[in-house]
Amino acid sequence: MRFGEAEAGVANETVLYDYWRSSASYRVRIALNLSGEAYRSVPVDLLAKAHRAPEHLARNPQGLVPVLDIDGERLTQSLAIIEYLAETRDGTGFLPAHPIDRQRVRALSYAVAMDIHPVCNLGVVAHVMAGADDGEAARREWMQKFIGEGLAAFERMLDHPATGAFCHGDRPTMADLCLVPQVYNARRWDVDLSACPRVVAIDSRCAAIDAFQRAHPDRARP
Ligand SMILES: N[C@@H](CCC(=O)N[C@@H](CS)C(=O)NCC(=O)O)C(=O)O
């Protein structure tokens, strides 16, 4: 056990510290559901700055969600968590077997998680708003620009023979776990997705899957 028993609750219980609207948390909720991993959610209210409180900084020195307690360990970074599940749980399919397929799934995942998501994070956008005359308008414009441009590039990446019913082949991989929360955010900020038909179609297919439905922010809202 790498962390306090008091925090751990029931020994070896899987606990996700998350926020309902956090897309990095949403990725992990989908991954846990698809893995069949039972877990308890502990909300960390980003709007109330609970992620900056000592209690959460003790869980994650970066002051970010998600944090996952699993197998007696405490994990951070959503993609590293998804890869851990892929390596320790049977048959997730989050990462394909062949290195070149895995490379493509990671490239698609990183296009969302490392290129679109960080510039649209709460702390970054709050800084943008603070420097603008009309903070709300500046946020909207910022989100539409960076999510719109990022998903347009993702759409072009999907123009590839390995794209199937999902981002890579015919079952969800880590790339879909990244894409769906990003599309949720795109809709939240009224990003025009009319030039992204593959993205929209894959998102619809994922929306029909129970594990994705149970992870949706509307279901995760405390
Ligand atoms: N690379 C991290 C990103 C985590 C992250 O940025 N989480 C956001 C919510 S989606 C957060 O905690 N934001 C708080 C802030 O920006 O202050 C991961 O994938 O887990």
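All values below come from the heavy atoms of this structure, side chains included, with hydrogens, waters and symmetry mates left out. Each ligand, and each atom within it, is numbered from 1 in the order the structure gives. Small disclaimer: the values here were computed from a predicted structure and weren't measured.
- Between Met143 and Asn185 the shortest side-chain heavy-atom distance does not fall below 4.5 Å.
- Interface of Pro66 with ligand 1, defined as ligand atoms under 4.0 Å from a residue heavy atom, comprises 20 (O).
- Ligand 1 does not have Ala113 within reach: every non-hydrogen atom of the residue lies 4.0 Å or more from it.
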Can Arg205 and Asp176 be said to form a side chain to side chain contact (heavy atoms under 4.5 Å, CB included), step by step?
CA-CA 10 Å; Arg205 276 181 212 112; Asp176 303 282; over 6 Å; no
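- In terms of polar-atom proximity, Gly123 is counted as a contact of ligand 1, with an N or O under 3.5 Å from an N or O of the ligand.
- Taking each of His127, Met114, His51 in turn, the one with a heavy atom nearest to atom 15 (C) of ligand 1 proves to be His51.
- When Leu64, Val65, Leu122, Asn121 are ranked by how near their heavy atoms come to atom 6 (O) of ligand 1, first place goes to Asn121.
- Within 6.0 Å of NE2 in His127 there are 12 or fewer heavy atoms belonging to other residues, nucleotides or ligands.
- Those atoms of ligand 1 that come under 4.0 Å of a heavy atom in Arg27, given as number and element, are 19 (O).
- For Glu141 and Lys145, the salt-bridge test fails: no basic side-chain N is under 4.0 Å from an acidic carboxylate O.
- A 4.5 Å side-chain heavy-atom check between Val183 and Arg187 finds at least one atom pair inside the cut-off.
- Looking only at side-chain heavy atoms (C-beta outward), Cys178 and Leu79 come within less than 4.5 Å of each other.
- Near His117, the atoms of ligand 1 lying under 4.0 angstrom from a non-hydrogen atom of the residue are 3 (C), 5 (C), 6 (O), 10 (S).
- Of the polar atoms of Ser22, none of the N or O atoms is found under 3.5 Å from an N or O of ligand 1, judged by distance alone.
- Closest to atom 2 (C) of ligand 1 among all protein heavy atoms lies Gln77 OE1, 3.1 Å.
- Not a single N or O atom of Gly63, backbone or side chain, sits closer than 3.5 Å to an N or O atom of ligand 1.
- Against a heavy-atom cut-off of under 4.0 Å, Ser23 is close to the following atoms of ligand 1: 10 (S).
- Under 3.5 Å, the side chains of Tyr17 and Asn60 contain no donor-acceptor pair of N or O atoms.
- Contact annotation: the side chain of Trp20 never approaches that of Ser41 to less than 4.5 Å [non-hydrogen atoms, C-beta and beyond].
- Contact annotation: for Gln62 versus ligand 1, there are no heavy atoms closer than 4.0 Å.
- Contact check on Glu136 versus Arg140 returns no salt bridge, with no Lys/Arg side-chain nitrogen under 4.0 Å from an Asp/Glu carboxylate oxygen.
- Of the protein's non-hydrogen atoms, the one nearest atom 20 (O) of ligand 1 is Ser78 N, 2.9 Å.
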